[in-house]
Number of protein chains: 2
Amino acid sequence: MSSPTTPRRGYHHGDLRAGLIREGIALLGETGVAGFSVAKVAVRAGVSSAAPYRHFPDREALLAACAAAILAEITDLLAAAAEQAGPDPLDRFAATAGAYTRYVLEHRAGIDLIYSYDFSGPHHPTIQEQSRHLTGTLMDLASAVLPADTSWADTADFVYVHLSTTHGYATLLMKVTRRPPEDIDSLAARAVTAARDHITGYLQRLLR
Amino acid sequence: MSSPTTPRRGYHHGDLRAGLIREGIALLGETGVAGFSVAKVAVRAGVSSAAPYRHFPDREALLAACAAAILAEITDLLAAAAEQAGPDPLDRFAATAGAYTRYVLEHRAGIDLIYSYDFSGPHHPTIQEQSRHLTGTLMDLASAVLPADTSWADTADFVYVHLSTTHGYATLLMKVTRRPPEDIDSLAARAVTAARDHITGYLQRLLR
DNA sequence: GTCTATAGGGAGATAGAC
DNA sequence: GTCTATCTCCCTATAGAC
């Protein structure tokens, strides 16, 4: 992460901005948005509580940067999971539910930021861009599953339900499993099954 | 709400405990857990910031009381929705998704408390009891939908996925729709359809 | 760019009067 | 049971030295 020439005591004189985002995400994972503070992130990164304000104008900007980074990572994970799932479109699409669940369980909270905070305003273009990127990835995968004549709006609706229900499953699971369970695999597999059930029922309904 | 004999200036000398819970829920609905504070609730209820501590030992106890009240109301709404849905078991079960979505959209946040706060410890027996009550209601409805030989564990699993995915749909919807939409009906109907798709897919999978 | 120091505010919780 | 007053802590954000 650090260039070979920098001695790198903490993040001093290194890439503090990136370090703050990383520690911010870690803190969010441990305490949720409620326990988040600029001061704590600064301590974790090994700098004074004033240092972050040289890189982010205020608390919300740091939160937004963390949210954007989380969204980007999730998007990558979903795409990778689809890739690993093989050639079958249904397998590929359903696999995203497993990857999402796995991410939430492994990073505990963290993700609640995106859904508990209001970043929908025009002040956070990066988040909106990442959000579109995530949606676009799922839209592509969904298009391969749904009938060829499915409209864009219907595809978007389907993706929306898929994403939101997967999110609900993963987050509620995170709440219930007090400690990180060893069998994340089986829980992620259950999410995939639920996603497949959803697709099956959806396609079945179209036939009638 | 107040007895006929009490003059009732604010909640003074009235049922302050109930008033605090009511105002607490209202505040949660407006600001979410992040904006919740005992002081604000006190002001809303028309009492000083110290008064709540005569009824609740600390902030968390008040939050827990609000959560329990919300859970109880939701349970009633789900049961009522099933009742109104008619005799068909599938209709009755799926109707709970609509009622849940309607509640979340009408009360905005509020419900995020239950899923963003950790009440799973043994310190909140009321919440756990209400939670069991909610689950039990859904278990009964699910039993009528699933095959007669379905095990308790499988029924519970099915209910869990139904509840969590419905929750995810409703909450993400709440985030996206900036202002309370006029067409809550259509959004609730979409939730019912998603629930039906889930059931259909689930039953279909059992056949194979 | 990072530090120390601090202003300013909000919120949890308690003490004692009434 | 409710009030006023207050203590303490933590957090956001800024000012100015280095």
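Each chain gets a letter, A, B and so on, in the order the sequences are listed, and its residues count up from 1.
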To the nearest Å, give me how far apart [atom1] ([X]) and [atom2] ([N]) are.
{"X": "A:Leu62", "N": "D:dT12", "atom1": "CG", "atom2": "P", "answer": "9 Å"}
{"X": "B:Phe36", "N": "C:dA11", "atom1": "CZ", "atom2": "P", "answer": "11 Å"}
{"X": "B:Leu20", "N": "C:dG12", "atom1": "CG", "atom2": "P", "answer": "13 Å"}
{"X": "B:Phe56", "N": "D:dG1", "atom1": "CZ", "atom2": "P", "answer": "13 Å"}
{"X": "B:His55", "N": "D:dG1", "atom1": "NE2", "atom2": "P", "answer": "7 Å"}
{"X": "B:Lys40", "N": "C:dG10", "atom1": "NZ", "atom2": "P", "answer": "10 Å"}
{"X": "A:Tyr53", "N": "D:dC11", "atom1": "OH", "atom2": "C1'", "answer": "8 Å"}

Practice task
Taking the six-membered ring for Trp and the single ring otherwise, decide whether the centroids of B:Tyr169 and A:Tyr160 are under 6.0 Å apart.
Solution key: yes
Exercise for the section: Go through C:dA13, D:dC11, D:dT2 for me and flag the one nearest to the B:Leu16 side chain. Expected result: D:dT2
Handout entry: Minimum-distance nucleotide (side-chain atoms of A:Ser48 versus C:dT4, D:dC11, C:dG12)
Key = C:dT4
Completion exercise
For residues 184-194 of chain B, the salt bridge (Lys or Arg N to Asp or Glu O under 4.0 Å) pairs (sequence neighbours left out) are A:Asp157-B:Arg190, B:Arg102-B:Asp185
Exercise for the section: Between B:Asp58 and B:Arg54, name the one whose nearest nucleotide on DNA chain C is closer to the 5' end. Expected result: B:Asp58
Handout entry: B:Arg59 or A:Ala50, whichever maps to the more 5' nucleotide of DNA chain C
Key = A:Ala50
Handout entry: Side-chain heavy atoms of B:Tyr202 within contact of B:Val161, under 4.5 Å
Key = no
Exercise for the section: Quick one: closest heavy-atom pair of B:Ala94 and B:Val192, and the distance? Expected result: O-CG2, 3.7 Å
